[in-house]
Amino acid sequence: KNEVEQSPQNLTAQEGEFITINCSYSVGISALHWLQQHPGGGIVSLFMLSSGKKKHGRLIATINIQEKHSSLHITASHPRDSAVYICAAPSGGTSYGKLTFGQGTILTVHP
Amino acid sequence: NAGVTQTPKFQVLKTGQSMTLQCAQDMNHEYMSWYRQDPGMGLRLIHYSVGAGITDQGEVPNGYNVSRSTTEDFPLRLLSAAPSQTSVYFCASSYMGLAAIPSYNEQFFGPGTRLTVL
């Protein structure tokens, strides 16, 4: 079992739809990153959250520390949202909190 | 700020050749790391550094060397390239933070290097 699991692996939506991507993690640290990887390959950080909810434009990220679960929501989706969305959790131990990454969710938004 | 830069963007090597992937950042970040990204797998940590002169292994270090002589630069060396090292390589950096746990801080990624080993 992967330490960080995302669902779904692939997601297709029509423009304007509300989108949810889920991330469950079994590593023991109470924080989570959401990243976006564009079709050209570049990776950008969207959120780092350790509690509650964060919002940036049409993107909303929530986390439930007790359940070790996080969701990324996109409201009013647009074709430019098409990308791979990756969650990553810091693991414990002495390695300066190594990040463990999920496999990514491929999102395609059609006009 | 240029952020995190990587060169080259693309590289084709023959088995047994050596090369260095360059990574530089201009944000004065203490923490720098190298990842590889393979189809169907998440990003995996190769090596990391918490400051000039300090490096350590990640989860897939075999076949790679690193050094950190300055805060800005963190090159990754492939000693003798193998087809299994065909991958996309990303360099990333972040602040260490007050708790000295960089994984709690925003990660800044370079554009990646696509490496093919024949």
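Quick note on labels: first sequence line is chain A, next is B, and so on, each numbered from 1. For clarity, every value in this text was computed on a predicted model and none was experimentally measured. No hydrogens, no waters, no symmetry mates; every other heavy atom, side chains included, goes into these values.
Residue B:Val88 is not grouped with residue B:Trp34 when hydrophobic side chains (ILVMFWY) are merged at heavy-atom distances under 4.5 angstrom, including chains of intermediate members. Under a hydrophobic clustering in which Ile, Leu, Val, Met, Phe, Trp and Tyr are joined whenever their side-chain heavy atoms come within less than 4.5 Å, directly or via other members, A:Leu49 and A:Ile65 fall into the same cluster. Connection of B:Met32 to B:Phe108 is not established within any shared hydrophobic cluster, with ILVMFWY side chains joined at heavy-atom distances below 4.5 Å, either directly or through further cluster members.
Chain A forms the most heavy-atom pairs under 4.5 Å with one residue out of B:Gly112, B:Pro111, B:Gly40, and that residue is B:Gly40. For the set A:Gln6, A:Met48, A:His33, the count of heavy-atom pairs under 4.5 angstrom toward chain B peaks at A:His33. Of the listed residues A:Gly104, A:Ala88, A:Ser45, A:Gly42, the one with more heavy-atom pairs under 4.5 angstrom with chain B than any other is A:Ser45.
The local environment of CZ in B:Arg44 is crowded, with over 12 non-hydrogen atoms from other residues, nucleotides or ligands closer than 6.0 Å. Summarising the local packing, CD of A:Gln9 is surrounded by 12 or fewer heavy atoms from other residues, nucleotides or ligands at distances under 6.0 Å.
Just one of A:Val44, A:Ile43, A:Leu99 meets the side-chain contact (heavy atoms from CB on, under 4.5 Å) condition when paired with B:Gln107; it is A:Leu99.
In this structure, CG on B:Leu43 lies 7.0 Å from CD on A:Gln37, to the nearest 0.5 angstrom.
Proximity to chain A is limited to the side chain of B:Tyr35, based on heavy atoms less than 4.5 angstrom apart.
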